[in-house]
Structures are given as structure tokens and as C-alpha cells.
Protein chains: 2
Amino acid sequence: MSSPDRPLQNPNQQAQVFERVRQAHQMEATEDYVELIDDLIRTQGEARLVEVAERLGISQPSAGKTIARLQRDGYVTSEPYRSIFLTDKGKQLADSSRARHDIVFKFLLAIGVSEETAKLDSEGLEHHVSDETLGVFKRIIKQQVKK
Amino acid sequence: MSSPDRPLQNPNQQAQVFERVRQAHQMEATEDYVELIDDLIRTQGEARLVEVAERLGISQPSAGKTIARLQRDGYVTSEPYRSIFLTDKGKQLADSSRARHDIVFKFLLAIGVSEETAKLDSEGLEHHVSDETLGVFKRIIKQQVKK
DNA sequence: GCCAAATCTTAGCCATGGCTAAGTTTATGC
DNA sequence: GCATAAACTTAGCCATGGCTAAGATTTGGC
């Protein structure tokens, strides 16, 4: 019933793999927030905390706490009771996150995943795709378009 | 310079996407641990805390704390100063995680990602791939083998 | 222009998952 | 079989990211 054995790799190598995943996790919330804030600014003219919280499906105080961290780390600016703005650093991250997200989403569609599932999965996957893999995704999207 | 606008989706829908990612995150550590513990038992006969910690690249107390949580939640058993065992529930999760991990890894290889990158990326991606997408991955692996 | 509603902040709680330092138990080597 | 080394636990720290309850500010309607 069990799968075939796989030999254990070098402990240090394996540790580096997990270390990389932990670092990706640290950036996840940041990327999700700036991407969402950017979307809101584009389509609604401004990003209000109430809207960020609603779209993330969390409470306003939770969203506010993370926004404070983003401000501390230089991704956004905002004054009390005002809307949220992206810094240059935040805008850059939003742009690259969005691009990455779009590629993953389109790739999933290209290989035959349904639109609904592609939307769900791309949100989780986008933070863990390396540049190399992203390049392969891009190539496959292009091939698909040609057909 | 900016990407094209994408229309905002329904707030509630979007919230559900993020909710799903948060739930996946909750399972990630659990899956990584049981998968690793299973690997250690298979190849070394037992899983010692010192080895789990080393391979995850974290301190022994940190690993120990999570093992305690896994025990509380019924995935593993272990007595003080003894090695770690999987419960049936833990073994089942390890098996399905391993299978999922293998499919993601082989899929990346099949589409042309390097072995090194496939190893890195599959560790981050495995927790966020839906059953539907996994099915598509499997199909593509099979097609590749045929060629 | 004032009152109510909406928005935002503050305070304080919890779980997870990292860490170090120090103590306990088990295993090992001589 | 005893001293030392290795493995493990305990205690206590921190950051993140959830929550609720309650207070402050801003906005909007009349």
C-alpha cells in the first residue's frame, strides 16, 4: 500500500529547502496585502481598511495590525483614519506579485484547470514558484496561445 | 508600465480564497512533520527528535514543541526521551502528503524544470494544489512518459 | 450644524512557531 | 559502572496574525 522508498537527502540540503519555504511564508502576507491594496487603488481610487479587511475575510483590527507592520517595513503609508497608500517599494512588490499571480493563473488555465480552481490555487501557489519555474510556465502559456 | 486592470471580484468570493489559503497554512507544518517522520522511520528505523530538528533546520526545542502539538492532535505518539511514532491518522496523512509531493515534483520535471528547482519548489507548492489540479498534473506526467 | 452611522484605533486575549539558556535523562566509551 | 556526551525537556522570550469589546474620529443625512 505504501509508496516506494525515496532515499533521504543530505540533512543540510533538506534544511535549506524548508528554510526557503519559511522565508516565502514571511513574504506571503506582505505580497497579498500590497497586491490587494494596489487593486483597490486602481479600481476604486483608494484603499480603505474596511475594504481590505472584508476582502481578506478577516476583522478590521487584524488587518489594521498587519497594515501597521507594512508601514513599519516601508511598504505602505497611512495616517490615522485615512486611506492606505503604497510606497515605491510597495508598488514594486505589488507589480511583481500581480505579474507572478497572473502567470500562475494563466498557466493553470493553459494546462486545463477550470477557471474556478485556477483562481483558488493560484492564490496559494504564487508565493512558492521560483523564477525558473515561472519561466517554464510562461513558455507553456505562449505555446498554448499559438495552437 | 503597469499591467492591465483586472476587475475586482465579489468581496465574499475573494475572502473565501484567502480563507482557503489560511486553512492550507494550518496544515502545512503538520504535513511536513509527518512526511519527514515517515521518511525517517522508513530509512532509519526510527524518528528521533534531533534528526527531525536537523532536517527541518530548526532548534530541537522548536521541533519538540510542534511534535507536542501533533501528539495533542492525534498525529503522533511519543514518550519522554523516546523516538516518535505515527498514529494511523498520522500515517495516512504522511502517505497522502508524500503522494502529493511526488506528483508535484514529477510534474515539474515533466514540464522541463530542473531537478534542483523541482525539489525546492515542490516543497512549497505541494500544500496548495487542489485535487483537480493534481489530477491535471498526473495526466501530464503520464503523457510525458508516453513520448 | 448636529446626530447617527461608518470607519478606524486601542486594549487585551489566544495559538503557532521560531529562539536561547539551563536542567534532566539516556546512552556510550573506557 | 561511572563519567561524559548526546538527546531531550523545561522555562521563558519574541513576532506574527487571528479574535472581541469598547472607545475615538470622521462622514453623511436631514
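FYI, side chains are in, hydrogens and waters are out, and symmetry mates aren't considered; it's all heavy atoms of this structure. Chain letters run A, B, ... following the sequence lines, proteins first, then strands; residues in each count from 1.
- Residues passing the salt bridge (Lys or Arg N to Asp or Glu O under 4.0 Å) test with B/E132, sequence neighbours excluded: none.
- Residues passing the side chain to side chain donor-acceptor pair (under 3.5 Å) test with B/R22 are B/E19, sequence neighbours excluded.
- Within residues 74-83 of chain A, the residues approaching DNA chain D are A/Y81, by heavy-atom distance under 4.0 Å.
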Result block: side-chain N/O donor-acceptor pairs under 3.5 angstrom for residues 66-82 of chain B, not counting sequence neighbours:
from  : atom 1 : to    : atom 2 : distance (Å)
B/R69 : NH1    : B/T30 : OG1    : 3.4
B/Q71 : NE2    : B/S78 : O      : 3.2

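- Atom CD in A/E54 sits about 15 Å away from atom C1' in C/dC8, given to the nearest Å.
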Measure all distances between protein nitrogen or oxygen atoms and nitrogen or oxygen atoms of nucleotides 1-5 of chain C, and list the pairs falling under 3.5 Å.
none

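- For A/R48 and C/dT7, the shortest distance from a side-chain N or O to OP1 or OP2 is not below 4.0 Å.
- Sorted by first and then second residue, the salt bridge (Lys or Arg N to Asp or Glu O under 4.0 Å) pairs involving residues 111-126 of chain B (not counting sequence neighbours) are A/R20-B/D121.
- In this structure A/D88 satisfies the side chain to side chain donor-acceptor pair (under 3.5 Å) test with no other residue, sequence neighbours excluded.
- Applying the ring pair (Phe, Tyr, Trp, His ring centres under 6.0 Å) definition to pairs two or more places apart or across chains, those involving residues 6-26 of chain A are A/H25-A/H128, A/H25-B/H25.
- Comment: A/K138 does not engage A/D102 in a salt bridge, judged by the lack of any side-chain N to carboxylate O separation of less than 4.0 angstrom.
- Applying the ring pair (Phe, Tyr, Trp, His ring centres under 6.0 Å) rule to pairs touching residues 93-126 of chain A yields A/F107-A/F137, sequence neighbours excluded.
- Under the rule for a salt bridge (Lys or Arg N to Asp or Glu O under 4.0 Å), the partners of B/E51 that lie at least two apart in sequence or sit in another chain are B/R55.
- If you measure from atom CG of B/L49 to atom C1' of C/dT25, you get 14 Å, rounded to the nearest angstrom.
- Residues satisfying the side chain to side chain donor-acceptor pair (under 3.5 Å) test with A/N12, not counting sequence neighbours, are A/Q16.
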Going 5' to 3' along nucleotides 12-22 of chain D, which nucleotides have protein heavy atoms under 4.0 Å from the base (write B), which only from the sugar-phosphate (write S), and which from neither (write -)? ----SBBBBB-

